[in-house]
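Small disclaimer: the values here were computed from a predicted structure and weren't measured.
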Amino acid sequence: QVQLVESGGGLVQPGGSLILSCTGSGFILAHYSIAWFRQAPGKEREWVSCVGGSGGPTYYADSMKGRFTISGDGQKNAVLLQMSSLKPEDTAVYYCAVGGHLMCSIDSANPGAYNSWGQGTQVTVSP
């Protein structure tokens with residue numbers, strides 16, 4: 001059974017950092033592209049980043065470039081999202097997802113391209 005579990009969220013001050021983890025079970029994350037999305041209250045789910053399988057290329061939404069870094073941790077069967085210079089507008093529930101594709105593509109920002117999601121982890125950026 002494919003399962004994704006996010007962790008690492010919490011409350012952080014503006015300018016601070018967090019590392020989110022997406023841990024998989026029932027399959028090997030490194031064999032697939034993994035994406036992070038986020039959803040703030042009252043807003044649509046927003047694509048954050050994608051990493052290709054087997055150490056493939058990484059992609060970021062424009063507002064996250066230079067602040068967020070996505071990477072794989074094969075030993076833990078996990079994908080990490082390192083977030084720095086956090087802003088109040090980064091406050092959201094963060095989700096990881098897998099869609100069965102090896103590489104990220106132009107469709108990677110579409111939530112409909114993914115068939116397995118984690119339960120999400122809350123990130124709150126506030127003084």
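Across all non-hydrogen atoms, the minimal contact from Phe68 to Tyr60 is O-CE2, 3.2 Å. In this structure, Cys104 and Gly52 approach most closely via the heavy-atom pair SG-N, 3.5 Å. When all heavy atoms are compared, the tightest approach of Pro57 to Met103 is CD-SD, 4.0 Å. In terms of heavy atoms, Ala78 sits closest to Ser21 at CB-OG, 3.9 Å. Closest approach of Val2 and Phe27 over heavy atoms only: CG1-CE2, 3.4 Å.
A donor-acceptor contact shorter than 3.5 Å links the side chain of Ser49 to the backbone of Tyr59. Listed for the Thr58 side chain is no donor-acceptor partner under 3.5 Å among the backbone atoms of Val51. Judged purely by atom type and a 3.5 angstrom limit, Asn77 has no side-chain atom pairing as donor or acceptor with the backbone of Thr23. Counting only distance, with no hydrogens or angles, the side chain of Ser84 and the backbone of Ser17 share no donor-acceptor pair below 3.5 Å.
By the 4.5 Å heavy-atom criterion applied to side chains, Thr121 and Ser7 are not counted as neighbours. Contact annotation: the side chain of Thr91 approaches that of Gln122 to within less than 4.5 Å [non-hydrogen atoms, C-beta and beyond]. Between Leu20 and Glu6 there is no side-chain heavy-atom pair separated by less than 4.5 Å. Between Leu102 and Ser54, some side-chain heavy-atom pair lies under the 4.5 Å cut-off.
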Working for side chain to side chain contact (heavy atoms under 4.5 Å, CB included), residues Asp90 and Met83:
CA-CA 10 Å; Asp90 292 318; Met83 307 187 296; over 6 Å; no

Dump the intermediate steps for salt bridge (charged side-chain N to carboxylate O under 4.0 Å, His left out) on Asp62 and Lys65, then the final yes or no.
CA-CA 5 Å; Asp62 287 343; Lys65 288 179 181 177; 3.2 Å; yes

Hey, mind stepping through Leu81 and Val79 against side chain to side chain contact (heavy atoms under 4.5 Å, CB included) and telling me if it holds?
CA-CA 7 Å; Leu81 184 68; Val79 168; over 6 Å; no

Verdict with supporting geometry, Met64 and Trp36, side chain to side chain contact (heavy atoms under 4.5 Å, CB included):
CA-CA 11 Å; Met64 289 72 167; Trp36 283 94; over 6 Å; no

Check against side chain to side chain contact (heavy atoms under 4.5 Å, CB included), His101 and Asp107:
CA-CA 11 Å; His101 304 289; Asp107 202 34; over 6 Å; no

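If you chain together hydrophobic residues whose side chains sit under 4.5 Å apart, Leu4 and Leu80 never meet in one group. Clustering ILVMFWY residues whenever any of their side-chain heavy atoms sit less than 4.5 angstrom apart, transitively, puts Val12 in the very cluster that holds Tyr94. One hydrophobic cluster, built from ILVMFWY side chains closer than 4.5 Å, holds both Val93 and Trp117.
Within a 6.0 Å radius of CD in Glu89, more than 12 heavy atoms belonging to other residues, nucleotides or ligands are found. A 6.0 Å sphere centred on CD1 of Ile28 holds no more than 12 heavy atoms belonging to other residues, nucleotides or ligands.
The OG atom of Ser108 lies 10.5 Å from the CD1 atom of Ile34; values are rounded to the nearest 0.5 Å. In this structure, Gln39 CD and Glu44 CD are separated by 8.5 Å, a value rounded to the nearest 0.5 Å. For the atom pair CD (Gln1) and OG (Ser25), the distance works out to 7.5 Å, reported to the nearest 0.5 Å.
Checked against Tyr114 for a ring pair (Phe, Tyr, Trp, His ring centres under 6.0 Å), the options Tyr95, Trp47, Phe37 give a single hit: Phe37.
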